Amino acid sequence: MVIRVSPNAQGLIAKSFLKKFEPILGKESKTFFESLTWFLPKTIRVNTLKASEQSIVRFLQNSNSKFEKIEFLDHAFFVSSNFEVISKSLEHELGLIQIMSASAMIPVIALDPKVNETVLDLTAAPGNKTIMLAQFMGNQGLLIANESDEVRLKRMRIHLLKNGVTNCLLTHQDGIQFDVGLKFDKILLDAPCSSDGEINKTINQLKDWSQEKVIKFQELQKQLMVHAFDLLKPGGELVYSTCTFSPEENEDIVQFLLDSKKDAHTVSIKLKGLKGTLPLEQYNGKRYSFEVRNCLRIWPYKHNLEGFFVGKIKKSE
Amino acid sequence: MIMRELRDLNKIKEIRKYFLERFGIFEHFFANYLFLEHFEKVFLLYKSKDFEKVNKSKLFGTPFMLLADFYKKIPANLALTFFKRNQIQKNWIEVDFVQAQEFMKGKNLDLKNIKKKSSVLSNGCVIVFFKDFIVGSGIMEKTEIKLNSGKE
């Protein structure tokens, strides 16, 4: 169910971006650049805190939308027609369905929080993943959602309320200094990034892409990653994710943590029916350690989904 | 912003009594939840073993607010989404799709156009359903129901 346009993407993309990714992807780079202008399928998720999958299927049928269950994600659907009807529906307004990309759901699936665990979403706004975390936790246990931007935090609070989240406390702290006196069973670090994986939404962003921006984010991501790891209980698990293609913000960050913390180990992420997700083995003359291969990459040209990187790390007991 | 656990049992009783008397929500429904307090606002949070350890001075606010204003006794609109249909016995009305949309935009409802309502229905706060889902709450005065504009 892929709807594609075939524009000449090249003119829209910064030369520095092309120069960077051509050697990384080799023969596949042409398809990759073209894929950045594809219209990717829209996706929705049933908010299981408030509605059953059955009731949402009935709603989709009644709205005359074409939809298809996403094989590797529970309670999620691709929607290929009448999407506007859904996004403006009362069901969406009431928080019965979430509109979020399929790729953005993967970090929560990878973290797999359980009922009665203590969980942290370190960089939580706009809150869609926080709502998903609460769904996995059955609205029980303790979920802390932190956001450093006060305006985004206030918006997120309303969003969580509307979506029926009742096990969550909000904090307004700088992520690299976050402290509420607790250690956590599970932590989601969906890090601020250069966001080029979401480029299908706004291709114009790629005109202004710069390596300097990537390096700026990398510094922040390293600090966030190490601090998040320190906040884990022994045996705790951390999921690191970004929506960027740059290895500096992805494999490099996981490798940096593995090199910095001897009690950090990666864990493989299993998603039924999703293939071709191996991360890069090397970049810029540097070969990543074997453990980095447990991470996962989503590419629009391979998966018809927004670009994403997800790594799962466990702290030794 | 310091939020603390509400330990005033009389206040907790008063809140539970309000929900029981006004909507028929049984007191045991609240058994798994902590009542948190910030000024005159009262919040609910699922009880967890780690809550005691949290440095409360670091909290910004909890998503679920039980009452917008304790003394006015008007539940915050969004907070009501917390409840399930079968928990609410009194002072509810059910609206159709068009009515729900208009109500959410701020248009008043006329009671004579409401097809389904609870047998007990009196002036004051009423819960508005669309199908099985809570749209929000309204303030009923005689035959008119206006959207509860209490700030969340």
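Letters A, B, ... mirror the listed sequences (proteins, then strands); counts begin at 1. Predicted model only: the values in this text are computed from it and were never measured.
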### Query
Side chains of A/Leu142 and B/Val54: does their closest heavy-atom pair fall under 4.5 Å?
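Answer yes - side chains close enough.
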### Query
A/Glu91 versus B/Lys131: any side-chain heavy-atom pair under 4.5 Å?
yes
Residue [X] versus chain B: region with a heavy atom under 4.5 Å:
| X | answer |
| --- | --- |
| A/Leu143 | neither |
| A/Asn139 | backbone |
| A/Gln173 | side chain |

### Task
Please state whether the side chain, the backbone, both or neither of B/Phe97 comes within less than 4.5 Å of a heavy atom of chain A.
both
Is it the case that atom [atom1] in [X] sees more than 12 heavy atoms from other parts of the structure closer than 6.0 Å?
| X | atom1 | value |
| --- | --- | --- |
| A/Lys314 | NZ | yes |
| A/Lys42 | NZ | no |
| A/Gln54 | CD | no |
| A/Gln61 | CD | yes |
| A/Lys69 | NZ | yes |

Within this structure, what is the [atom1]-[atom2] distance for the pair [X] and [Y], rounded to the nearest 0.5 Å?
| X | Y | atom1 | atom2 | answer |
| --- | --- | --- | --- | --- |
| B/Lys47 | A/Asn116 | NZ | CG | 13.0 Å |
| A/Leu170 | B/Lys58 | CG | NZ | 15.5 Å |
| A/Glu93 | B/Lys105 | CD | NZ | 9.5 Å |
| B/Phe43 | A/Leu169 | CZ | CG | 10.5 Å |
| B/Asn32 | A/Asn167 | CG | CG | 12.0 Å |
| A/Leu96 | B/Phe130 | CG | CZ | 9.0 Å |

Please identify, among [options], the residue contributing the most non-hydrogen atom pairs under 4.5 Å to chain B.
| options | value |
| --- | --- |
| A/Cys168, A/Gly164, A/Gly95 | A/Cys168 |
| A/Leu153, A/Thr171, A/Thr166, A/Asn163 | A/Thr166 |
| A/Gly141, A/Gly181, A/Ala145 | A/Gly141 |
| A/Leu94, A/Leu90, A/Thr118 | A/Leu90 |
| A/Glu147, A/His172, A/Met156 | A/His172 |

### Considering all heavy atoms, the nearest B/Lys84-A/Leu49 contact
NZ-O, 3.8 Å
### Task
Salt-bridge test for A/Glu117 and B/Lys49: reply yes if a basic N is under 4.0 Å from a carboxylate O, no otherwise.
no
### Query
Do B/Asp132 and A/Lys50 meet the salt-bridge criterion of a basic N to acidic O distance under 4.0 Å?
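No.
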### Query
chain A: which of B/Leu36, B/Leu45, B/Ile134 shares the most heavy-atom pairs with it under 4.5 Å?
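When all of B/Leu36, B/Leu45, B/Ile134 are compared, B/Leu45 has the most.
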### Criterion salt bridge (Lys or Arg N to Asp or Glu O under 4.0 Å) on A/Lys233 and B/Asp50, from CA distance to verdict
CA-CA 13 Å; A/Lys233 292 177 184 172; B/Asp50 276 341; 3.6 Å; yes
